[in-house]
Every structure is written in C-alpha cells, then in structure tokens.
Asker: 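Here's a structure for you.
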Protein chains: 2
Amino acid sequence: MRSEAEVMADERVSALVDDLIGRVADKWTMLVLEALEEHGLQRFTQLGRRVPGISQKMLTQTLRQMERDGLVERTVHPVVPPHVDYCLTSLGSSLSEAFCGVWLWAEANLRKVEAARTAFDRRE
Amino acid sequence: MRSEAEVMADERVSALVDDLIGRVADKWTMLVLEALEEHGLQRFTQLGRRVPGISQKMLTQTLRQMERDGLVERTVHPVVPPHVDYCLTSLGSSLSEAFCGVWLWAEANLRKVEAARTAFDRRE
DNA sequence: CTGGATCCCGTTAGATACTG
DNA sequence: CAGTATCTAACGGGATCCAG
C-alpha cells in the first residue's frame, strides 16, 4: 500500500506536470516550435515570417520563455546590424516530436471539426 | 510540377490547420480533455474538481467550444436539480490519444525543464 | 441545489511607434 | 535587425444572479 507521503508527492508532481502542460500547450509555443523544427536554425525576423499572425512582442516573449525552459538556444552575434539566431535544443526537439501526433491529428480531422461546427451552429 | 492553384490551396489548408492547432493547443482544453479521458462520463461540477484551478466560467466556455468542435458530447437530463454530463466523442478520444505523447514528454522532462529554468534565472 | 449567464475588474495580447 | 515602450482592446477570474 502507498503511504500518505507518497500520495502527497504524487499530487505535487501532477500539479507541476499540469503547470508544465499549461506552459507548453500554448498556441504560439507550438507554432514556433514547429517553425524551428521544420526550418532549423534561423533568425528572429525569418522566424516571425514563418509563424503567420504572430506579433514581434509575442515572438520575443514566446522565445524568451522557451529559452528559459531549455527548449530553444539563443545565440547573439556581436555585429552591426545585430544578428541573433535561434535553434531547438535536444529537449525542444523531443517536445516537437511529442507534438507530432497533434499535428497529424489536426491535418487528418480538419474536415470533421469543420463539419461538427457547422452542425452545431445550425442547431442554434 | 505543382500548379499555382495547388500551392494556394495548400497554403489555405495549412492556415486552417494552424488555426485548429490554436484552438486545440489550449491549456484548459488539454486539461479538460485529459480529465474526460481518464474518468469517463462525468458531470459539470465533478469535472471542475478534476481540473484544478479552472473557473466555472472557463469550464463552461471550454466545454462549449469543445462541443462545437465535436470533441465532447453534452447531455442534459431534464430533472431537478439539473443534471448535465459530458463525455468525449470518438473525435475527442482520438485527440486525447494524440496528446498522449505530450503528457509523457511533460512527465519525463519535468526535471530538465526545472533545471533549465533555475540555470536561466541564475544567469540573469 | 446544479449548471451557467452576467457584470466588474485586473491582466494580457495586439498594433504601432520608437531605439541601440 | 532585434527588440522595447506605449496604448488600446480583448480575455480570464471572482462574485453575484438566475432558471429549472
């Protein structure tokens, strides 16, 4: 049988996991992750073009967070004009791989979701 | 070779996929999905307890959206006091399965992320 | 009493302009 | 080029209110 301490430890851990999921299951994080995975090392502005709809602010913020979480490596080249590039760490790569299933799901089930939406809206 | 029309169609599709990812890669959606997958059919309030930190407002909103997208089925029993329960559709189940890799990743790499964070914060 | 809608408020995202 | 600053608009949380 499991001790009370073990149960409490598990609860703390799953709270942390939920927290991490909350961080990582974010629209921009996923999209940036995908852009970095697909096109490899690239610069800030390139990356921005690869993630349609993102603002520079959210791009900066998302990249900072991903860097802090160890998903992305940021390299500053001390030149003028400034040159900064980003690439996935192995941790970031592994997350991207984990997200692969979601991408496939989205591609495969896009039509079903659209159908469900129109059916739902009609029902209103 | 691919016609211009095909390329444009692909771009529209990938925009739609990005959009769908944006909807589905949401903290609360993922957490609700997981709670429904793990505990099966359940009522509004139960579900709320299973997703720690969610407000009733976001629970309602998330469930409505998931219902509209065909991920969740909502059943109202016309009794007093009201009884409403929710369960995953097969589409919802398949998404939950697709997310499975992310959950495993989060559990497996929690420590690495924490380490990366403290290292990053120390560097400041 | 449950499920959920509404209102108010603080936080956050987005657009634009500006800087080293 | 790669951000930061600023403003506004939208969103999330909490309390309250309502219908069955």
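As a basis for the values below, the full set of heavy atoms in this structure was taken, side chains included, without hydrogen atoms, waters or symmetry mates. Values in this document were obtained by computation on a predicted structure and should not be read as measured data. First the proteins, then the strands, lettered A, B, ... as listed; each starts at 1.
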Asker: Rounded to the Å, how far apart are B:Leu63 CG and C:dG4 P?
Answerer: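 From B:Leu63 CG to C:dG4 P: 8 Å.
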Asker: Between C:dC1, C:dA13, D:dG14, which nucleotide gets closest to the side-chain atoms of A:Gln61?
Answerer: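 Selected nucleotide (nearest to the side chain): C:dA13.
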Asker: Kindly say if B:Thr60 contacts the phosphate of C:dG4, meaning a side-chain N or O under 4.0 Å from OP1 or OP2.
Answerer: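 The answer is no; no side-chain N or O of B:Thr60 sits under 4.0 Å from OP1 or OP2.
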Asker: What is the distance, to the nearest angstrom, from the CZ atom on B:Phe44 to the P atom on D:dG20?
Answerer: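 Spelled out: CZ on B:Phe44 to P on D:dG20 is 18 Å.
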Asker: May I have the distance from B:Glu67 (atom CD) to C:dG3 (atom P), rounded to whole angstrom?
Answerer: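 These atoms are roughly 15 Å apart.
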Asker: May I ask you to verify if any side-chain N or O of A:Arg64 is less than 4.0 angstrom from the OP1 or OP2 atom of D:dT4?
Answerer: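 For A:Arg64, the contact criterion (side-chain N or O under 4.0 Å from OP1 or OP2 of D:dT4) is met.
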Asker: Quickly work out the B:Ile54 CD1 to C:dG4 P distance and round it to whole Å.
Answerer: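 My rounded result for the distance is 13 Å.
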Asker: May I have the distance from B:Leu59 (atom CG) to D:dG13 (atom P), rounded to whole angstrom?
Answerer: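 Rounded to the whole Å, the gap is 11 Å.
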Asker: What closest approach, in Å, do B:Leu20 and A:Leu110 show between heavy atoms, and which atom pair accounts for it?
Answerer: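 Taking every non-hydrogen atom into account, CD2-CD1, 3.8 Å.
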Asker: To the nearest angstrom, how far is A:Lys57 atom NZ from C:dA13 atom P?
Answerer: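 Computing the A:Lys57:NZ to C:dA13:P distance gives 7 Å.
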Asker: When A:Ser93 is tested against each of A:Leu71, A:Leu88, A:Leu33, A:Leu36 for side-chain contact (heavy atoms from CB on, under 4.5 Å), which residue passes?
Answerer: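 Single pass found, and it is A:Leu88.
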Asker: So, is B:Tyr86 near the phosphate of C:dG4, with a side-chain N or O under 4.0 Å from OP1 or OP2?
Answerer: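 The answer is yes; a side-chain N or O of B:Tyr86 sits under 4.0 Å from OP1 or OP2.
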Asker: When the nearest nucleotide of DNA chain C is assigned to B:Pro82 and to A:Pro82 on a heavy-atom basis, which residue is associated with the more 5' position?
Answerer: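 On the 5' side of the pair lies B:Pro82.
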Asker: Counting only heavy atoms not in B:Gln42 (residues, nucleotides, ligands), do more than 12 fall under 6.0 Å from its CD?
Answerer: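 Enclosed.
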Asker: B:Thr62 side chain to B:Leu59 main-chain N or O, any donor-acceptor pair under 3.5 Å?
Answerer: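 Checked: no pair found.
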Asker: Strictly below 4.0 Å: does A:Trp28 bring a side-chain N or O up to OP1 or OP2 of C:dG14?
Answerer: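 For C:dG14, OP1 or OP2 has a side-chain N or O of A:Trp28 closer than 4.0 Å.
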Asker: Answer with yes or no whether the hydrophobic clustering places A:Trp28 together with B:Val17; edges join I, L, V, M, F, W, Y residues whose side-chain heavy atoms lie under 4.5 Å apart.
Answerer: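 Yes: a chain of side-chain contacts under 4.5 Å links A:Trp28 to B:Val17.
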Asker: Out of D:dC1, C:dG4, D:dG14, which nucleotide sits closest to the side chain of B:Ser55?
Answerer: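 Closest nucleotide to the B:Ser55 side chain: D:dG14.
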Asker: Think A:Arg43 has a side-chain N or O under 4.0 angstrom from the OP1 or OP2 of D:dA2?
Answerer: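 Affirmative; the distance criterion is met.
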Asker: Using whole Å, report how far NZ of A:Lys27 lies from P of C:dG14.
Answerer: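 Answer to the nearest Å: 7 Å.
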Asker: For D:dG14, does either OP1 or OP2 sit under 4.0 Å from a side-chain N or O belonging to B:Gln56?
Answerer: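 Looking at the OP1 and OP2 atoms of D:dG14, neither is under 4.0 Å from any side-chain N or O of B:Gln56.
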Asker: Could you tell me the separation between the CD atom of A:Gln65 and the P atom of C:dA13, rounded to a whole number of Å?
Answerer: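 Answer to the nearest Å: 9 Å.
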